[in-house]
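First comes the structure, then the notes that go with it.
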Amino acid sequence: MQKPSLPKGTRDFGPVQMARRNFILETIKDTFQLFGYQQIETPAMENLSTLTGKYGDEGDQLLFKILNSGDFLKKVDLNDLSEGAAATLPKVAEKGLRYDLTVPFARYVVMNRNELTFPFKRYQIQPVWRADRPQKGRYREFYQCDADVVGTDSLVCEAEIILMIRRVFAGLGIQDYKVKINNRKILTGIAEVIGESGKEGPLCVAIDKLDKIGWEKVKEELTDRGFAENAISKLSPLVSAANESSEPLSFLKSFLAASEIGMQGVRELEEVFEIMQSMGEDLSHVEPDMVLARGLSYYTGAIFEVKVNQVSIGSVSGGGRYDNLTGVFGLTGVSGVGFSFGVDRIYDVMEELNLFHEEDSQGTQLLLAYFDEKSFSYALKVLTQFRKAGVRSEIYPDQAKMKKQLDYASKKGIPYVGICGDEEIKSETIALKNLLTGNQESLPIYEVISRFTAVN
RNA sequence: GUGAUUGUAGCUCAGCUGGUUAGAGCGCUGGUUUGUGGCACCAGAGGUCGCCGGUUCGAACCCGGUCUUUCACCCCA
């Protein structure tokens with residue numbers, strides 16, 4: 001017999017973890033619904049043609065491919081093998097596990113475009129898979145909770161995303177965090193202004209590391225990536241402004257004055273904030289970050305990222321606007337904006353911050369205990385009465401000693417035990433024992449029931 | 001994908017320079033207690049030392065490979 005094990009980067013979730021995860025999930029779901037999003041699900045596997053080419057070369061590497069059923073080698077000949085893995089892959093695998101929820105959603109929108117009412121607001125909570133190397137807060141199977149709107153350019157959506165993030169975090173009890181927001185157009189503008197148009201990708205990858213490795217190292221990296229020296233020196237006022245982070249928007253207005261697209265990005269950002277103010281909301285936790293760069297292969301407008309302070313976990317939520325996501329599936333002119341919560345990371349953050357309160361409100365309230373066969377059948381009868389009254393209750397199923405039954409209850413965190421014996425049978429009562437305090441009193445069944453139902 | 005790192009009882013970990021029968025704490029099972037858990041005391045069960053191979057008279061310990069854990073890079077939730 002071999003010891004069983006799990007694939008790298010995957011985990012089981014026990015009862016305690018599930019109770020906590022459900023708490024997070026319910027908080028998120030509740031918020032999505034409050035803002036008018038409708039739930040959908042899509043299959044774990046998609047055609048590889050749907051997935052490949054959407055996440056950049058790196059992303060394609062991280063896709064899990066599913067071997068064809070049956071004789072998966074039947075289309076492969078020796079030529080394919082000599083040309084290597086890339087040539088052979090399409091002949092042995094035509095399906096893959098989803099890498100995120102956004103691309104399957106785009107596919108769904110395109111396939112159902114005639115049935116959907118636009119703007120279409122959907123949320124989706126399902127696992128995704130990445131063949132990444134596991135690390136702290138990084139798994140190969142993890143859940144994403146996406147909410148997206150397609151079919152509108154309105155910046156109200158961006159404002160609502162910020163509001164949803166704040167509502168969820170408030171519900172979870174996470175207080176010290178930042179919602180960083182930027183706009184792809186600002187990044188494009190920056191590249192334009194320093195004379196390196198179109199190179200915002202490598203520019204951002206480098207600048208993003210500012211607080212990690214410092215300006216000097218970033219300069220080296222930019223040089224390595226082929227940026228001209230005078231471009232780099234034009235960048236330095238932006239870097240010092242980013243460090244001070246006082247009034248990034250007013251800085252950008254002068255820095256980007258020569259770039260029309262850059263100025264448009266600034267205006268969009270301002271408009272999001274104005275909309276929030278019209279809604280009577282403040283800007284707490286919101287932080288414009290002009291070097292924030294994520295999802296450059298498809299974001300075209302706003303870019304979001306949420307970071308919880310004082311913890312070692314990376315971002316717990318992210319998103320942005322993509323003008324043409326459905327374009328790759330043949331439906332053009334549909335703008336979308338969305339974001340995603342990483343439940344697994346939120347869990348890790350809450351654990352690190354000790355935010356889980358241990359009252360397991362879903363657990364059993366009452367265990368019925370007994371001494372012998374006669375009281376066992378009495379307890380079974382009483383058990384039914386409790387359950388009919390809606391009290392979460394159970395009985396130790398094997399006839400066992402009192403010690404064992406009480407042990408079971410206290411280990412499972414059941415707060416009350418109803419002890420049944422000869423005296424109780426005679427008087428139609430149970431001895432209700434509080435396992436925390438050790439107090440015990442004899443009460444009629446109806447009295448016990450009304451105590452439990454009154455609490456709820 | 002690159003570079004490190006970890007693996008000994010259910011859990012957390014000792015185990016010296018390669019040398020008899022691999023240990024502790026917690027947990028588990030039973031008992032002290034046939035109408036009462038937690039506390040205490042007593043007894044007991046439990047290990048192919050991740051796996052495969054090599055060196056050696058002899059390997060938990062040294063070497064190679066492999067899997068796993070954790071971490072950095074890349075990228076990302």
Side-chain angles (χ1 to χ4, degrees), chain A residues 1-11 24 28 55-62 85 98-102 125-146 165 201-202 204-206 208-209 212-213 217 221 293-297 304-308 312-320 338-349 367 369-372 374-375 396 399-425 430-442:
Chain A
M1 261 262 285
Q2 274 191 335
K3 281 184 189 168
S5 64
L6 285 171
K8 193 202 288 243
T10 65
R11 297 134 316 140
I24 298 172
I28 292 171
Y55 309 105
D57 293 338
E58 295 263 358
D60 287 353
Q61 296 296 314
L62 298 178
R98 72 166 98 79
Y99 176 91
D100 69 0
L101 300 178
T102 310
I125 299 178
Q126 290 189 274
V128 303
W129 294 270
R130 296 182 188 180
D132 212 347
R133 195 176 283 209
Q135 237 180 85
K136 189 179 191 75
R138 175 179 294 190
Y139 308 99
R140 298 181 111 181
E141 176 185 64
F142 60 97
Y143 272 70
Q144 285 193 332
C145 307
D146 271 38
I165 291 171
C204 293
V205 169
D208 198 43
K209 299 179 192 162
K212 215 186 225 175
I213 61 177
K217 293 267 179 188
E221 187 162 340
R294 277 306 106 102
L296 292 173
S297 51
F304 300 100
E305 180 169 297
V306 182
K307 174 83 180 76
V308 179
S312 55
I313 317 282
S315 67
V316 294
S317 176
F339 76 114
S340 175
F341 287 110
V343 193
D344 305 82
R345 283 192 177 176
I346 291 177
Y347 185 103
D348 292 343
V349 163
L367 176 87
Y370 47 83
F371 292 103
D372 50 27
K374 207 168 125 203
S375 49
Y396 195 85
Q399 296 212 17
K401 290 182 183 169
M402 186 55 56
K403 176 179 162 63
K404 190 146 193 171
Q405 301 180 56
L406 291 172
D407 250 353
Y408 172 78
S410 63
K411 276 179 190 152
K412 200 171 166 182
I414 300 174
Y416 289 94
V417 174
I419 296 170
C420 306
D422 289 342
E423 289 169 33
E424 286 77 15
I425 296 175
I430 61 172
L432 185 67
K433 182 182 178 77
N434 180 326
L435 286 186
L436 273 181
T437 62
N439 290 342
Q440 184 173 328
E441 51 186 326
S442 262

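Since we're looking at a predicted model, the values are computed, not measured. Naming: A, B, ... by sequence-line order, numbering from 1 per chain.
I419(A) places its CD1 atom 5 Å from the C1' atom of U36(B), with the value rounded to the nearest Å. Atom pair L432(A):CG and U36(B):C1' shows a separation of 13 Å (rounding to whole Å applied). Distance F339(A) CZ to A77(B) P: 13 Å, rounded to the nearest Å. The distance between atom CE of M402(A) and atom P of G38(B), rounded to the nearest whole Å, is 14 Å. Atom CZ of R140(A) and atom P of C75(B) are 19 Å apart (whole Å). The separation between R11(A) atom CZ and U68(B) atom C1' is 16 Å, rounded to whole Å. Computed from coordinates, the L367(A) CG to U36(B) C1' distance equals 12 Å when rounded to whole Å. Here the P atom of nucleotide C76(B) and the CZ atom of R345(A) are 11 Å apart, to the nearest Å.
Counting non-hydrogen atoms under 4.0 angstrom, G137(A) reaches a base of the nucleic acid. Nucleic acid contact for S317(A): sugar-phosphate only, since backbone atoms but no base atoms lie under 4.0 Å from a heavy atom of the residue. Counting non-hydrogen atoms under 4.0 angstrom, D422(A) reaches a base of the nucleic acid. Residue-level contact check: V343(A) touches neither bases nor backbone, having no heavy atom under 4.0 Å from any strand. Residue L436(A) is classed as a base contact, given a heavy-atom separation below 4.0 Å to a base. Among the atoms of the strands shown, none is found under 4.0 Å from any heavy atom of Q405(A). Using a 4.0 Å heavy-atom cutoff across all strands shown, Q144(A) reaches sugar-phosphate atoms only and no base atom. Base engagement by E424(A) is indicated by at least one non-hydrogen atom pair under 4.0 Å involving a base atom. Among the protein residues, S315(A) comes within range of the sugar-phosphate backbone only, with heavy atoms under 4.0 Å from sugar or phosphate atoms but none that close to a base. Among the atoms of the strands shown, only primed sugar atoms or phosphate atoms (P, OP1, OP2) are found under 4.0 Å from some heavy atom of G9(A). Base contact: G438(A) has a heavy atom under 4.0 Å from a base atom.
If you run side-chain contact (heavy atoms from CB on, under 4.5 Å) between F339(A) and each of D146(A), I165(A), V306(A), only I165(A) comes through.
U56(B) and G46(B): their C1' atoms are spaced 32 Å apart (whole Å). Nucleotides G15(B) and A24(B) are separated by 15 Å at their P atoms, to the nearest Å. Going from the P atom of C71(B) to that of U6(B) covers 14 Å, rounded to whole Å. Of the P atoms belonging to G7(B) and C63(B), the separation is 14 Å, rounded to the nearest Å. The gap from the C1' atom of C49(B) to that of A22(B) amounts to 8 Å, rounded to the nearest Å. U5(B) and U48(B) have their P atoms separated by 28 Å, with the value rounded to a whole Å. Rounded to the nearest Å, the gap between the C1' atom of G50(B) and that of U69(B) is 11 Å. Comparing the P positions of G23(B) and A60(B) gives a spacing of 13 Å, expressed to the nearest Å.
Every side-chain contact (heavy atoms from CB on, under 4.5 Å) that A369(A) has, sequence neighbours left out, goes to M402(A), Q405(A), V417(A), I419(A). Applying the ring pair (Phe, Tyr, Trp, His ring centres under 6.0 Å) rule to Y139(A) yields no partners; only residues at least two apart in sequence or on another chain are considered. In this view, F142(A) satisfies the ring pair (Phe, Tyr, Trp, His ring centres under 6.0 Å) rule with no residue, not counting sequence neighbours. The side-chain contact (heavy atoms from CB on, under 4.5 Å) test applied to Q61(A) returns no partner, not counting sequence neighbours. For K136(A), the side-chain contact (heavy atoms from CB on, under 4.5 Å) partners at least two apart in sequence or on another chain are S312(A), I313(A), E352(A). Residues that satisfy the salt bridge (Lys or Arg N to Asp or Glu O under 4.0 Å) test with D132(A), not counting sequence neighbours, are R138(A). With sequence neighbours left out, the ring pair (Phe, Tyr, Trp, His ring centres under 6.0 Å) criterion links Y370(A) to F376(A). Remark: S5(A) engages no residue in a side-chain contact (heavy atoms from CB on, under 4.5 Å) (not counting sequence neighbours). Shown here are the ring pair (Phe, Tyr, Trp, His ring centres under 6.0 Å) partners of Y416(A), two or more places apart in sequence or in another chain: F452(A).
Taking every side-chain heavy atom of L406(A) into account, U36(B) is the closest of U36(B), C74(B), A77(B). Proximity note for Q440(A) (side chain, C-beta onward) versus U36(B), U69(B), A77(B): the nearest is U36(B). Of the candidate nucleotides U68(B), G37(B), C75(B), U68(B) has the atom nearest to the side chain of K8(A). Of the candidates C71(B), G35(B), C76(B), C71(B) carries the atom nearest the K136(A) side chain, counting heavy atoms from C-beta on.
Taking all atoms of both residues into account, the shortest heavy-atom contact from I425(A) to S375(A) is CD1-CA, 3.9 Å. Summarising the geometry of I346(A) relative to V316(A), their closest heavy-atom pair is CG1-CB, 3.9 Å, with the distance given to 0.1 Å.
Base pairing in RNA chain B yields stems of at least 3 consecutive Watson-Crick or G-U pairs, both distances under 3.5 Å, namely B:1-4 with B:70-73, B:10-13 with B:23-26, B:28-32 with B:40-44, B:50-54 with B:62-66.
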Short heteroatom pairs, N/O only, protein and nucleotides 29-34 of chain B, under 3.5 Å:
unit_1	atom_1	unit_2	atom_2	d
G31(B)	OP1	K401(A)	NZ	2.7

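Nearest-nucleotide assignment on RNA chain B puts the 5′-proximal partner with E58(A), out of Y139(A) and E58(A).
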Quiz item: What do the steps show when you test R345(A) against S317(A) for side chain to side chain contact (heavy atoms under 4.5 Å, CB included), and what is the final call?
Solution: CA-CA 9 Å; R345(A) 283 192 177 176; S317(A) 176; over 6 Å; no

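Atoms CD and CG, from E441(A) and N434(A) in turn, are 9.5 Å apart once rounded to the nearest 0.5 Å.
In this structure, Y99(A) and Y55(A) have tilted ring planes: the angle between them lies in the 30° to 60° band.
Residue side chain R130(A) reaches the base of A77(B) through a donor-acceptor N/O pair under 3.5 Å, judged by distance alone.
Aromatic stacking is not marked for F371(A) over G35(B), as the cut-offs of 5.5 Å for the centres and 30° for the planes do not both hold.
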Quiz item: With the sugar-phosphate defined as primed atoms, P, OP1 and OP2, and the base as all remaining atoms, what B/S/- string results for nucleotides 3-10 of chain B, 5' to 3', for protein heavy atoms under 4.0 Å?
Solution: B-------

